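We're numbering straight along the sequence, starting at 1. A quick note: this is a predicted structure, and the numbers were derived from the prediction, not measured. Just so you know, ligand 1 is whichever comes first in the structure, and atom 1 is the first atom listed for that ligand. We use all heavy atoms of the structure for the numbers below, so side chains are in, but hydrogens, waters and symmetry mates are not.
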Amino acid sequence: MSTERTLVLIKPDGVRRGLSGEVISRIENKGYRVTSLVMMSATREILERHYAEHEGKPFYEPLVEFMLSGPIVAMVVEGNRVIEGFRSLSGATDPTVAAPGTIRGDLARDQGTKVVQNIVHGSDSPESAAREIEIFFGGK
Ligand code: IDP
Ligand code: MG
């Protein structure tokens with residue numbers, strides 16, 4: 001059985017608050033392997049591709065602006081069932097209701113902004129993972 005891969009992003013709120021190490025530790029402590037990692041300033045073009053499924057939603061433009069507000073960390077993470085496993089480590093999208101013990105539940109809260117600031121992104125399916133890894137690491 002081939003090992004699964006997912007794209008993880010540490011969003012600007014996570015980097016700004018000095019939580020990159022904490023997020024990476026949780027991934028490694030769970031037993032997954034980080035196989036590529038880069039700190040970068042995303043471009044609007046990259047983010048519009050990455051978040052294409054959300055175009056037209058009320059939070060879309062705030063989301064893109066938020067993701068442009070500072071550096072992010074992009075990673076490829078590997079392991080059996082890592083897509084599902086990292087989504088489980090992340091917790092629910094809304095950090096107010098994300099379970100304690102999860103990244104979002106422990107480290108984020110509602111900031112009263114138009115876009116939910118929730119520290120991390122993780123791919124939601126094998127198709128999304130392949131597409132998103134190509135966007136962030138395709139040229140490498
Ligand atoms: P996910 O990150 O848990 O997969 P998605 O539905 O894919 O959640 O949404 C992408 C990102 O857009 C979320 O992580 C969050 O930052 C933001 N977002 C999603 N839904 C809302 C909303 O209803 N209001 C404000 N921001 C949202
Ligand atoms: Mg998503």
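With sequence neighbours excluded, no residue satisfies salt bridge (charged side-chain N to carboxylate O under 4.0 Å, His left out) with Glu78. Partners of Glu22 according to the salt bridge (charged side-chain N to carboxylate O under 4.0 Å, His left out) rule, which considers only residues two or more places apart in sequence or in another chain, are Arg26. With sequence neighbours excluded, no residue forms a salt bridge (charged side-chain N to carboxylate O under 4.0 Å, His left out) with Glu28.
The aromatic rings of Phe59 and His54 lie tilted to each other, with the angle between the two planes from 30° to 60°.
Using a distance-only test at 3.5 Å, with no hydrogens or angles considered, no donor-acceptor pair links the side chain of Arg104 to the main chain of Gln117.
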Inset, instruction - Quick one: do Ser123 and Arg5 satisfy side chain to side chain donor-acceptor pair (under 3.5 Å)? Show the steps, please. - result: CA-CA 9 Å; Ser123 309; Arg5 304 203 300 163; over 6 Å; no
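Residues of the protein with a heavy atom under 4.0 Å from ligand 1 are Lys11, His54, Phe59, Leu63, Arg87, Thr93, Arg104, Lys114, Val115, Val116, Asn118, listed by chain and number.
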